[in-house]
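Some notes on the structure that comes next.
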Amino acid sequence: MIRSTVKELFAGGKLNEAVLLKGWVRTRRGNKKVAFIAINDGTTIHNMQVVADAEKFPEALLKQVTTGCSLSVKGRLVESLGKGQQVEIHAESIELLGACDPEVYPLQKKGHSFEFLREIAHLRFRTNTFGAVFRIRHALSFAIHKYFNDKGFYYLHTPIITASDAEGAGAMFRVTTLDLVDPPRDDQGKIDFGQDFFGRSTNLTVSGQLEGELGALALSSIYTFGPTFRAENSNTPRHVAEFWMIEPEMAFYDIDDNMDLAEDFLKYLVRYALDHCKDDLDFLNNMIDKELLERLQFILENDFVRISYTEAIELLEKSGKQFEFPVGWGADLQAEHERYLVEQEFKKPVILTGYPSEIKSFYMKQNEDGKTVRAMDVLFPKIGEIIGGSQREENHEKLLKRMREMEIPEEELWWYLDTRKFGTVEHSGFGLGFERLLMFVTGMSNIRDVIPFPRTPKSAEF
RNA sequence: UCCUCAGUAGCUCAGUUGGUUAGAGCGGCGGACUGUUAAUCCGUAGGUCGUAGGUUCAAGUCCUACCUGAGGAGCCA
């Protein structure tokens, strides 16, 4: 007999047929006469109830049917006699695939704190919440590829190990095969990376953007979607040391095209989740965040507000609100400022553009005013900055000048500069933090709970 | 990295101005119950009070350092 999944059985079509189901026991209830076994196989948030007539099965077998054990059940799928589920399986045979000692199995029927579940990250997939979160994570990964593929973008694999440490996106993790106890040293006593595996100093990537630009300046539109690493000692619910980032990069796009794409992309992903993950989102809306579905719907129905950094500063100054950090042109916006704009002033997602060049990266296109660059940050309610991007500086002279001003080693980025020498064109791109998107879509409030095995300072157990 | 808070049973927590034998709910185990839905009811076991020092006649409780976790800030995605 072919195994059916819980999802298939709830989809209908097998009513009153003999079926085979395999999965893990969530709960067992009952009495001397009858046992009710809730089985979950991860294919859906819902459990299948198996009803076992106690007289038909050895007591020793039913005794081993405890929370967490794995079972193979043959039986008939019938309309449920009880309330709470439409169908159930009346068991004809039950095979214990793997026992689960209830005295030491850490998951119980009752809810656990997310902090505790992080300590047993290898088992937390078996809970309703994490099952839902990781099914949604899968669905959105797939949707990202679908979106870009349908739009004619090419998926470009940018390197995980990079030689340049000039990407300017934060502290990096070193990659080396040198003996850390006794590394080779040069005349000055400094570590000689010439003897390292790649013959030079290398790190884990903090962004695929620079390589992404190389691809876009030949293939028109590309995107990367892969792991990214930041060795920042950040201890917040919005940061992890290893996270997944989506970085589209488009030739012949200016900053307005870039904003249009970012807004369309985010709305597409939210809609995809609503269309394909209804059961899981309903569960999360019920258990985690009562306003989740409302907020997702709201994103779809409203245009993002687009204002310049200068206008934002004026609004903040006029607001009459007392901020902990002073507002003034030239200073970066603090979290409280961004929160005010998104949650009080507009109550919508906001795209901020035209930041002062001093507070932004070297590769961003300089505006004619000589003071600002064509950067854009997309700010979302609850989670803050979800996207950072810009139109890139395509003028070789201006880019070189800016690199020298900001002391970016131009010899290391000769290949990047080459693109501005050989048929340069206007182009743009942005980075979307996948986990931050997931936080928004699932309503989970800690980034450690939307990635299977979070990497944070002092924590890499699994 | 800075600030704040927390760490007591497998989990979630209570524990008074320092004072005898550290409590509860859930989970586990044993039992009862003819269809349960986080079942219910009765019973029961379970603790190096984060670690190391210190103060005191006496420390879960006060002090110091460290470790771990959470929230806020910074960095950013």
Side-chain angles (χ1 to χ4, degrees), chain A residues 26-38 46-55 63 66-68 78 80-85 88 90 100-120 123 127-128 167-171 206-209 225 227-247 262 287 324-325 332-336 338-339 359-361 375 377-380 383-389 430-440 445-451 456-459 461:
Chain A
R26 284 293 173 79
T27 65
R28 194 199 68 191
R29 298 175 289 273
N31 52 46
K32 275 216 170 97
K33 291 263 183 179
V34 60
F36 302 98
I37 306 163
H46 302 296
N47 299 329
M48 177 58 67
Q49 173 160 286
V50 170
V51 184
D53 188 342
E55 287 165 8
K63 229 181 142 155
T66 57
T67 300
V78 297
S80 179
L81 303 177
K83 289 169 193 162
Q85 60 281 316
E88 63 192 15
H90 283 190
C100 183
D101 184 351
E103 293 209 36
V104 290
Y105 186 58
L107 289 172
Q108 54 188 53
K109 300 174 197 178
K110 227 185 138 180
H112 293 287
S113 69
F114 292 139
E115 287 85 351
F116 172 66
L117 291 173
R118 268 172 229 148
E119 294 171 11
I120 50 167
L123 297 173
T127 64
N128 286 332
E167 286 159 355
V206 292
S207 163
Q209 181 202 315
F225 181 18
T228 309
F229 308 88
R230 304 272 168 96
E232 303 285 357
N233 191 5
S234 297
N235 295 285
T236 85
R238 297 177 306 282
H239 292 86
V240 274
E242 177 184 297
F243 63 101
W244 286 62
M245 189 151 64
I246 301 108
E247 294 178 287
M287 304 299 288
E324 193 187 336
F325 294 90
D332 207 352
L333 294 179
Q334 303 293 317
E336 55 172 342
E338 295 180 347
R339 221 176 296 122
I359 58 173
K360 288 291 181 181
S361 305
D377 281 2
V378 181
L379 309 178
F380 256 35
I383 53 173
E385 186 179 339
I386 192 168
I387 277 181
F430 61 81
L432 167 66
F434 187 45
E435 283 75 19
R436 290 200 181 161
L437 172 77
L438 280 170
M439 288 172 74
F440 183 76
S445 53
N446 192 311
I447 198 167
R448 300 168 183 110
D449 297 326
V450 297
I451 186 166
T456 52
K458 305 273 160 63
S459 175
E461 177 74 19

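By convention in this document, chain letters (A, B, ...) are assigned in the order of the sequence lines, proteins followed by strands, and residues within each chain are numbered from 1. Not measured: the values here are computed from a predicted model.
- Taking 4.5 Å as the limit, some side-chain heavy atom of A:Glu336 sits within range of a side-chain heavy atom of A:Glu324.
- A:Val104 comes within 4.0 angstrom of nothing in the nucleic acid, heavy atoms only.
- Here A:Lys63 lies in heavy-atom contact (under 4.0 Å) with sugar-phosphate atoms only.
- Side-chain nitrogen and oxygen atoms of A:Lys458 include none within less than 4.0 Å of the OP1 or OP2 phosphate oxygen of B:rC67.
- A:Glu115 is linked by a side chain to side chain contact (heavy atoms under 4.5 Å, CB included) to A:Ser113, A:Arg118, counting only residues two or more places apart in sequence or in another chain.
- Within 4.0 Å (heavy atoms only), A:Pro106 reaches no atom of the nucleic acid at all.
- If you find the closest nucleotide of RNA chain B to A:Ile386 and to A:Thr66, the one lying nearer the 5' end belongs to A:Thr66.
- Comparing the P positions of B:rA77 and B:rU40 gives a spacing of 49 Å, expressed to the nearest Å.
- Stacking of the aromatic ring of A:Phe243 onto the base of B:rA77 is found: the ring centres lie under 5.5 Å apart and the planes are inclined by under 30°.
- The closest side-chain heavy-atom distance from A:Asn128 to A:Met287 is not below 4.5 Å.
- Checked against side chain to side chain contact (heavy atoms under 4.5 Å, CB included), A:Ser445 has no partners two or more places apart in sequence or in another chain.
- A:Lys32 pairs by the side chain to side chain contact (heavy atoms under 4.5 Å, CB included) definition with nothing, not counting sequence neighbours.
- Note on A:His112: only backbone sugar-phosphate atoms sit closer than 4.0 angstrom, heavy atoms only; bases stay farther off.
- Summarising the geometry, the separation between CD on A:Glu103 and C1' on B:rA9 is reported as 14 Å, rounded to the nearest angstrom.
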What string of B, S and - do you get for nucleotides 35-41 of chain B 5' to 3' if you count protein non-hydrogen atoms under 4.0 Å?
-> BBBBB--
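- Applying the ring-ring contact (aromatic ring centres under 6.0 Å, His included) test to A:Phe325 and every residue at least two apart in sequence or in another chain returns nothing.
- Proximity of A:Thr67 to A:Gln108: side-chain heavy atoms (C-beta onward) are nowhere separated by under 4.5 Å.
- By the side chain to side chain donor-acceptor pair (under 3.5 Å) test, A:Glu435 pairs with A:Arg137, sequence neighbours left out.
- Across the C1' atoms, B:rA59 and B:rU48 are found 15 Å apart, a figure rounded to whole Å.
- Regarding A:Ile451, its CD1 atom lies at a distance of 12 Å from the C1' atom of B:rA77, rounded to whole Å.
- When the C1' atom is compared between B:rG74 and B:rU16, the two are found 40 Å apart, to the nearest whole Å.
- By the salt bridge (Lys or Arg N to Asp or Glu O under 4.0 Å) test, A:Glu103 pairs with no residue at all, sequence neighbours left out.
- No hydrogens or angles were tested; on distance alone, a donor-acceptor pair under 3.5 Å links the side chain of A:Gln108 to the base of B:rG10.
- One can place CG of A:Asp377 at 12 Å from P of B:rC75, the figure rounded to the nearest angstrom.
- B:rU12 sits 33 Å from B:rC75 when the P atoms are compared, rounded to a whole Å.
- A gap of 11 Å separates the C1' atoms of B:rU61 and B:rU17, to the nearest Å.
- For A:Phe440, the ring-ring contact (aromatic ring centres under 6.0 Å, His included) partners at least two apart in sequence or on another chain are A:Phe380.
- As a whole-Å value, the separation of A:Phe434 CZ from B:rA77 P is 17 Å.
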Determine which bases of RNA chain B form Watson-Crick or G-U wobble pairs with both distances under 3.5 Å, and write the result as a 5' to 3' dot-bracket string with | for other-strand partners.
-> (((((((..((((.....[...)))).(((((.......))))).....(((((..]....))))))))))))....
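- A:Leu123 places its CG atom 14 Å from the P atom of B:rC11, with the value rounded to the nearest Å.
- Rounded to a whole angstrom, the distance from the P atom of B:rG27 to that of B:rU20 is 32 Å.
- Shown here are the ring-ring contact (aromatic ring centres under 6.0 Å, His included) partners of A:Phe225, two or more places apart in sequence or in another chain: A:His145, A:Trp244, A:Phe434.
- Protein atom CG of A:Leu333 is 14 Å distant from nucleotide atom C1' of B:rC76, rounded to whole Å.
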Any protein N or O atoms within reach of nucleotides 71-73 of chain B? Criterion: under 3.5 Å, listing atom names and distances.
unit_1	atom_1	unit_2	atom_2	d
B:rG71	OP1	A:Asn446	ND2	3.3
B:rA73	OP1	A:Arg339	NH2	2.6

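- Within the 4.0 angstrom heavy-atom criterion, only backbone atoms of the sugar-phosphate kind lie near A:Ile387; the bases stay farther away.
- Using P as the reference atom, B:rG23 and B:rC66 are 34 Å apart when rounded to the nearest Å.
- By the 4.5 Å heavy-atom criterion applied to side chains, A:Ile451 and A:Leu438 are not counted as neighbours.
- Atom C1' of nucleotide B:rU12 and atom CZ of A:Phe114 are separated by 14 Å, given to the nearest angstrom.
- To the nearest whole angstrom, the two P atoms, one in B:rG35 and one in B:rG69, are 47 Å apart.
- Using a 4.5 Å heavy-atom cutoff, the side chains of A:Phe36 and A:Val51 are in contact.
- Atoms CG (A:Asp101) and C1' (B:rG10) sit 12 Å apart, rounded to a whole Å.
- The side chain to side chain contact (heavy atoms under 4.5 Å, CB included) search around A:Glu119 returns A:Phe116, not counting sequence neighbours.
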